[in-house]
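Worksheet: one structure, shown below.
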Amino acid sequence: MSETALVPVKNPLALDSSVLDNLETYDDFLSFYIELDQTSSAFSWLKADLLLRMTQKLGDNSVRKLAEDIKQPASTIVNYTRTALAFPPEKREEGASFSIHFQASFADSLDDKTRQFEGEKRFDWLEKAIDDNMSTRRLAEEIQIEKGGGTVSDDPQDRQMIVEAQGAVIEVKKLLDSLYKDVRRSNDKDAYFQIIRIHQFVNDKN
């Protein structure tokens, strides 16, 4: 296979046929998939760094403004900034996805006022996730259990309870996102920042 670079394409939602035509063997497809996967993760970090710098320079109001302009929940932006804050460039691992870094960040609580993490457990959890080839779900589960003072159980009933609890947290987040949209329409800034703080609290406890 000739060298295939990631180049701009006419349709941003499809690979150019000339690129696909250069892929012939399984190794060709595997290599290109890995390259795409790495690029996707890199873009996530670029967005995270951009959003963190925006928040630091322009304040929390910029989160609300951007969320309105791009029509996404403010929680999405908060998740990006949290991950970039938790793992500065020198602490990021190429062997782990952005999502794994994001989940590992919940091993430590983020102080709402100082915007500093309390502890450094997230770095150990990131290494463990890589060494044990954890999925994001497994990592989130084990961190949640450790923070609750328990141990990981192989009992199906225990795991089902954990999954149900995680599902409840997801529903709470959905409700918060719905409240956010309502508050955005009312232009109530105080209520808006209260919802942001509650959302961060739920993330820290998840």
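Model, not experiment: these values are computed from the prediction.
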Task: Test salt bridge (charged side-chain N to carboxylate O under 4.0 Å, His left out) applied to Asp132 - qualifying residues, sequence neighbours left out - done: Lys128

TODO: Verify, without hydrogens or angle tests, whether Asp28 (side chain) and Glu24 (backbone) share a donor-acceptor contact under 3.5 angstrom.
DONE: yes

TODO: List in chain and number order the residues that pass side-chain contact (heavy atoms from CB on, under 4.5 Å) with Ala129, two or more places apart in sequence or in another chain; answer none if no residue qualifies.
DONE: Ile100, Met134, Leu139

Open item on the list: List the residues meeting side-chain contact (heavy atoms from CB on, under 4.5 Å) with Ser40, not counting sequence neighbours, and say none if there are none.
Closed with: none

Task: Reported CG-to-CE distance for the pair Leu66 and Met54, which is rounded to 0.5 angstrom - done: 4.5 Å

TODO: Run the salt-bridge test on Arg64 and Glu68 with the 4.0 Å N-O cut-off and return the result as yes or no.
DONE: yes

TODO: Could you tell me whether Arg92 and Asp49 make a salt bridge, using a distance below 4.0 angstrom between a side-chain N and a carboxylate O?
DONE: yes

Open item on the list: On a heavy-atom basis, which atom in Phe98 and which in Ser41 lie closest, and how many Å separate them?
Closed with: N-OG, 3.7 Å

Task: Heavy-atom pair with the smallest gap, counting every atom of Ala67 and Pro73 - done: CB-C, 4.3 Å

Task: ILVMFWY cluster membership beyond Leu50 - transitive side-chain contacts under 4.5 angstrom - done: none

Open item on the list: The criterion is side-chain hydrogen bond (donor to acceptor under 3.5 Å, both in side chains); which residues satisfy it with Ser17, sequence neighbours excluded?
Closed with: none

Open item on the list: Quick check for you: to the nearest 0.5 Å, what is the distance between Arg53 atom CZ and Leu58 atom CG?
Closed with: 11.0 Å

Task: Distance in Å, Leu85 CG paired with Leu51 CG, rounded so as to fall on 0.5 Å steps - done: 12.5 Å

Open item on the list: Measuring from atom NZ of Lys121 to atom OG of Ser109, what distance do you get when rounded to the nearest 0.5 angstrom?
Closed with: 9.0 Å

Open item on the list: Donor-acceptor pair, distance only, cut-off 3.5 Å: does the side chain of Thr39 make one with the backbone of Glu35?
Closed with: yes

Task: Any side-chain heavy-atom pair of Phe87 and Glu93 under 4.5 Å - done: no

Open item on the list: My understanding is that only residues two or more places apart in sequence, or in another chain, count here; which of them pass side-chain contact (heavy atoms from CB on, under 4.5 Å) with Thr114?
Closed with: Asp111, Gln116

TODO: Considering non-hydrogen atoms only, spot the tightest contact between Val63 and Ile77 and give its length.
DONE: O-CD1, 3.6 Å

Open item on the list: As an exercise, state the distance from NZ of Lys147 to CD of Glu142, rounded to the nearest 0.5 Å.
Closed with: 14.5 Å

Task: side-chain contact (heavy atoms from CB on, under 4.5 Å) between Phe32 and Leu20, intermediate numbers included - done: CA-CA 10 Å; Phe32 195 63; Leu20 293 173; 5.6 Å; no

TODO: Check which hydrophobic residues are tied to Ile34 through side-chain heavy-atom contacts below 4.5 Å, counting indirect links as well, and list them.
DONE: Tyr26, Leu30

Task: Those residues that, when tested against Phe43, pass ring-ring contact (aromatic ring centres under 6.0 Å, His included) (two or more places apart) - done: none

TODO: Check side-chain hydrogen bond (donor to acceptor under 3.5 Å, both in side chains) between Lys47 and all other residues, then give those that pass, not counting sequence neighbours.
DONE: Tyr80

Task: Donor-acceptor contact below 3.5 Å, side chain Ser31 vs main chain Asp27 - done: yes

- [ ] State, to 0.1 Å, how close Ala96 and His101 come at their nearest heavy-atom pair, and which atoms those are.
- [x] O-CE1, 3.4 Å

Open item on the list: Taking Asn79's backbone N and O only, do any of them form a donor-acceptor pair with Thr83's side chain (distance below 3.5 Å, no angle check)?
Closed with: yes

Open item on the list: Taking Phe117's backbone N and O only, do any of them form a donor-acceptor pair with Asp108's side chain (distance below 3.5 Å, no angle check)?
Closed with: no

Task: Over 12 non-hydrogen atoms of neighbours within 6.0 angstrom of CD in Glu120 - done: no

TODO: May I ask you to decide if Val78's main-chain N or O and Thr81's side chain share a donor-acceptor pair within less than 3.5 Å?
DONE: yes

- [ ] Find the distance between OG (Ser62) and CD (Gln56) and round it off to the nearest 0.5 Å.
- [x] 10.0 Å

Task: Steps toward side-chain hydrogen bond (donor to acceptor under 3.5 Å, both in side chains) verdict (Ser105, Arg122) - done: CA-CA 5 Å; Ser105 75; Arg122 60 192 183 280; over 6 Å; no

Task: Contacts of Lys91 that satisfy salt bridge (charged side-chain N to carboxylate O under 4.0 Å, His left out) - sequence neighbours left out - done: none

- [ ] Test Trp125 against Glu146 for side-chain hydrogen bond (donor to acceptor under 3.5 Å, both in side chains), laying out the working first.
- [x] CA-CA 11 Å; Trp125 275 106; Glu146 185 196 63; 3.3 Å; yes

